[in-house]
Every structure is written in C-alpha cells, then in structure tokens.
Amino acid sequence: MTECNRVASPLHPLGRREVVANFDGGTITSDGGGAILLRELEDRQGIIRRFAECFTDHRDPELIEHTVYDLVAQRVFGLALGYEDLNDHDTLRLDPALAMLVGKDDPTGEDRARTRDQGKALAGKSTLNRLELTPPGADESSRYKKIVASCESIAQVFLDLFLAAYPVPPQRIVLDLDATDDPIHGNQLGRFFHGYYKNYCYLPLYIFCGEHLLCAKLRPSNIDASAGTTDELRRIVTALRAKWPAVEIVIRGDSGFCRDAIMDWCERENVGFILGLAKNSRLTALLAPEMQQAKEQFEKTAEASRVFKDFEYQTLDSWTRARRTVGKAEHLSGGPNPRFVVTSLSRESFDAAELYEKQYCARGEMENRIKEQKLYLFADRTSSHTMRANQLRLSFSSLAYTVLAALRRHGLAGTELESARCDTIRLKLLKIGAQVQVTVRKIWISLSEAYPYRKIFEQVLANICRPAPMPLRC
C-alpha cells in the first residue's frame, strides 16, 4: 500500500486550489518566543534558581536525571506559557524548546537512561507532583517523595526579589493588602463555605508593592479577611527597614483590613495606613450635609458630583482612639454613593480629595494584578488534598507571575506593550511557532516568517540583553 500523510478528513478547497494538510513540518514548537525570551531573562535574573534553593533534595544524586532546579523551572515555565495542569507535562516533555528553556544539555532526550524515557527530555507529571506532595518530615529514608520545600524560605524569596529590584533605596513605598476567593470543588483540607462569595473556597492573603508580589498566603475561608495580616506585615516591614532604614512605608487596603489591631500596630511601628471604612448610621449622619450639597450640585449640572469631609472619628467600642477620617459625599445618576476611609496620614501631606482620589483609589491596580494571577497564571488551581500542597501550587503560580512581571518591567519598557497584561504578553511574545533543529554544535530555532510582532520582539530581546540595569517602577 502506498503510504500517505494526508489528514483523514477532506479539506474545503480555496478557490481552484486544493488544501492539503500533512504532519510533515518537522519538530515545531508553539512556544518559540517563550523559549528565547524567558531563557535569557532567567539567565540574567536567576529568579527561578533562587526559588529552587528553597527545596531540600534527599534523593541520591547518582540515581536522578532531573535536578530540583529542572523540576521547578519546568513547572514554573509551564505556567508562564499557559499550561495549568500537571497532566500537560506528559506531552510537554517531548518539546525540545521547553527542554532548552529548562536548561537540559540534551533537549532531545535521546540520552535518557531508560528506553521508555528516550526522546522525552523532561519530567512527567508523576515526578513533578513530588514537589508538591512531599511531607515536611521526609528524608533519605522516605520511599518516593524526598524533595522537601521550606514554606518559610519560599515566602522570603519574594521579599528578597523585591529588595534586589532596587539598586537605589526608594523614599516611599505603599504596600497594598487584599484577600480574594479561591473556589474549591472537592474535599480539600481547609474547605469552608464563605457567605460573601457564596461558595466553598480558600481565602488567600495578597500583599503587593506596585506590580511586585511580596506575599501570597493560602488561608481557609472561615476567618476574618484580615487574619494574619499583622504577622505578615511585621515580617515584611522588618526586612524592608533592615535594608532601607529611612524608607517611608504606607499600607493600603479596603474595609476588610480596617481593624483596630492593624491600625494600632501601624501607629506603634511608624507605618502609615489608608484603609477603607465600612459605612454605618453614625458615619452617614455625619456626612449628611455634604451629601445634600452633592445632591444639589448633581441636580444643577446632571453630572456626578463629589464633596469631601475631613473629620475625626472613633467607633463606640472597637477602636482605642479617634483617627482621621475622610468621607466622600458623591451623588451619581443612580443615586447617593457615600464612601469613607480612615488614615494616619496628616492633613498637611494630603488634603481630603487627594487622599481619597489619588492615594486610596490607586489600590485598584492591585486588584488587576490579582486578576492576572488568578485568570492567566492559574492561582486558583488548588485541587490537591492538603493545604501545604495547595500553598505550593499558589507559590508556583506566584513565581510565574513574578517572572512575567520581570519580563514586562525589564523587556517591554519603551514598547507599545509595556503595560500589557500577562495573557497579552503570552499571546503576542511567547506563543510563536518555531521549528527546532538540534545538531551536535547548535540548536536552531527558526521562528515564523509570518510573525506580526517581530520588531517588538527584537526590541524586547535587546532590552533583556542590555548590560546596564533597566529602570524599575513601583
């Protein structure tokens, strides 16, 4: 019989031309751009290498083919390239471009020890899964799972990366706090129903400084949104002041973090705060004259109107002292919209309008960063049974975000994509079709000639390879 590579289904012709599809294009990857850009970024920044140092490997080095760095890099780069599931890696292990990105000397896998693994340069899902499932007490005598992660060291890595990003200490930094829902659909440990989100979920705590992720801590949802915040702030602020003694630190969060314990700690530690304050009948009564004024302005102009009030306020029994409070009396086409914030910042530094509109409302950018991680880097893929394993999954996702944020900060500066989201970066710069040829002396990556963002790609690569440090933004 004559051999034929034509696909089984007949394809619709294009005019007079027959359309033929064959599996004869050679070794082609869909991640050619990612293999180039992310490899150069990691070679210069060492982000994943620092993270891999948080794992203790009790395996016999004579009996392994994948180092801890190989496994961690494969997992994190997979997330950055859009592969959310461990099962994906049973197919991805065949991709020589990803093997090159991880740093495999033999990207074809032809020199693997076992016959069944030859041609597969990377680890499969079962090997990668041991990163998450190894218990904290594992050692050399454990049977399969011997790679122990230090959650404390991992938490410190994100802080160290942030500190290393500044060649010159900043004068002022703002730490944004937020909690979000992480829906779960199994019987994972720490599973509780949350009345606000109306589902079973975890309630992770995030702390950002600009686009820099400083903390991503998984928590059960049967707690107050602010639970554990003071402990994390103490850890972060202590490290910041140890390196930058003169830096001014301000925390910012919504009303879920407006707790006397947090504000009292900030006042003792000379940390500023701007926190949302949930409205109540007393606050609404205090703002009533301004609300009436805003309503009258709206009726005259038919446009949204705002009037601000700056006053001292203390709760009846939950606060230990009175604090500066700013009320926003706003009237919209849909009706009145009063809002309140409480702050330790002085009136001399920021008047009421600037405090609310420019200082407090800027926290919305943090919510965009959380959405990036949840929607495009799979931070909610916490389907393992234990909290520890799911915390590690959240940490892998957080590191993938950190890698893409570093690519955006260092590589995309000065391009039309310098403010692009992670999914846009992936789609336009990382997902490029390329033919991969491995010879004795070279690895040839032939990118698509039809790639429409070639000029931007070349500029990004030049930015990454530039010897002088790029300016950072926070």
Side-chain angles (χ1 to χ4, degrees), residues 47 51 79-80 154-166 170-182 202-219 225-241 243-244 247-258 262 266 271-276 341 358-380 391 394-410 412 418-423 425 472-474:
I47 295 173
F51 187 86
L79 291 169
I154 289 174
Q156 185 63 31
V157 161
F158 292 103
L159 187 52
D160 291 341
L161 290 171
F162 170 65
L163 291 169
Y166 285 85
Q171 295 182 349
R172 181 177 187 265
I173 61 173
V174 178
L175 304 180
D176 284 307
L177 319 173
D178 206 355
T180 187
D181 66 317
D182 177 1
Y202 291 128
L203 194 67
L205 170 67
Y206 283 95
I207 301 178
F208 279 81
C209 181
E211 66 176 2
H212 295 274
L213 174 61
L214 274 65
C215 171
K217 184 175 182 180
L218 197 67
R219 306 175 299 175
S226 66
T229 299
T230 304
D231 293 336
E232 293 302 316
L233 286 175
R234 183 180 295 110
R235 176 180 65 86
I236 292 171
V237 170
T238 300
L240 293 178
R241 285 183 171 160
K243 188 168 183 179
W244 304 328
V247 67
E248 178 189 357
I249 302 175
V250 178
I251 69 168
R252 182 168 57 193
D254 61 18
S255 60
F257 295 89
C258 186
I262 295 177
C266 289
V271 173
F273 60 82
I274 314 171
L275 301 171
V341 297
K358 295 185 178 180
Q359 297 298 313
Y360 178 72
C361 290
R363 65 173 297 274
E365 274 303 305
M366 181 207 188
E367 297 179 356
N368 292 332
R369 304 289 79 79
I370 293 177
K371 288 178 182 178
E372 276 190 294
Q373 193 177 347
K374 288 180 66 176
L375 296 177
Y376 312 122
L377 295 165
F378 322 112
D380 58 352
Q391 173 64 66
L394 177 59
S395 297
F396 285 133
S397 170
S398 300
L399 193 69
Y401 165 82
T402 301
V403 169
L404 291 186
L407 176 62
R408 177 168 54 203
R409 191 166 59 250
H410 292 280
L412 274 63
E418 63 181 351
S419 300
R421 298 184 315 193
C422 289
D423 59 322
I425 295 173
L472 302 174
R473 61 176 185 265
C474 178

Student: Is there side-chain contact between F208 and V174, with heavy atoms separated by less than 4.5 Å?
Tutor: no

Student: What's the separation between atom CG in L205 and atom CG in D231, rounded to the nearest 0.5 Å?
Tutor: 10.5 Å

Student: Backbone N or O of D380 within a donor-acceptor pair of the Q373 side chain at under 3.5 Å?
Tutor: no

Student: Would you check if H212 and R409 make a side-chain contact, meaning some heavy-atom pair closer than 4.5 Å?
Tutor: yes

Student: Has K243 got more than 12 heavy atoms of other residues, nucleotides or ligands less than 6.0 Å from its NZ?
Tutor: yes

Student: Might you work through the side chain to side chain contact (heavy atoms under 4.5 Å, CB included) test for F273 and L175, ending with a clear yes or no?
Tutor: CA-CA 9 Å; F273 60 82; L175 304 180; over 6 Å; no

Student: Within the structure provided, determine whether L404 and R408 are in side-chain contact (heavy-atom separation under 4.5 Å).
Tutor: no

Student: Run the ring-centre check on Y376 versus Y401 and record whether the distance is less than 6.0 Å.
Tutor: no

Student: Using modelled atom types only, decide if a donor and an acceptor are shared between the side chain of K374 and the backbone of D181 within a distance under 3.5 Å.
Tutor: yes

Student: Let's go through L79 and F396 carefully: what are the C-alpha distance in whole Å and the side-chain angles of both, what is the deciding distance for side chain to side chain contact (heavy atoms under 4.5 Å, CB included) to 0.1 Å, and is it a yes or a no?
Tutor: CA-CA 8 Å; L79 291 169; F396 285 133; 3.8 Å; yes

Student: How close do D176 and R363 get, heavy atom to heavy atom, and via which atoms?
Tutor: OD1-CB, 3.7 Å

Student: Grab the two heavy atoms, one from L218 and one from L394, that are nearest each other, plus how far apart they are.
Tutor: N-CD2, 3.9 Å

Student: Measuring from Q156:CD to I154:CD1, what's the distance to the nearest 0.5 Å?
Tutor: 12.0 Å

Student: Between atom CD1 of I262 and atom OG of S226, what is the distance when rounded to the nearest 0.5 Å?
Tutor: 4.5 Å

Student: Supply the atom-to-atom distance L214 CG to L163 CG, rounded to the nearest 0.5 angstrom.
Tutor: 8.0 Å

Student: Would you say I249 and W244 make side-chain contact, with heavy atoms under 4.5 Å?
Tutor: no

Student: So, do D423 and L375 sit near enough that their side-chain heavy atoms are less than 4.5 Å apart?
Tutor: no

Student: At their closest point, which heavy atom of F158 faces which heavy atom of L213, and how far apart are they?
Tutor: CB-O, 3.6 Å

Student: Rounded to the nearest 0.5 Å, what separates atom CZ in R369 from atom CZ in R421?
Tutor: 9.5 Å

Student: Side chains of L240 and L159, heavy atoms from C-beta outward: is any pair under 4.5 Å?
Tutor: yes

Student: Which atoms form the tightest heavy-atom contact between C258 and G276, and what is the distance?
Tutor: CB-O, 3.1 Å

Student: A side-chain contact here means heavy atoms from C-beta on lying under 4.5 Å apart; do E211 and E365 qualify?
Tutor: no

Student: If I take atom CG from residue D178 and atom OG1 from residue T229, how far apart are they, to the nearest 0.5 angstrom?
Tutor: 10.0 Å

Student: Using every non-hydrogen atom in the two residues, find where L203 and A225 come nearest and quote the distance to one decimal.
Tutor: CD2-CA, 4.0 Å

Student: Would you name the heavy atoms of S397 and F378 that are closest together and state the gap between them?
Tutor: OG-C, 3.9 Å

Student: Do V271 and L233 touch side chain to side chain, with heavy atoms closer than 4.5 Å?
Tutor: no

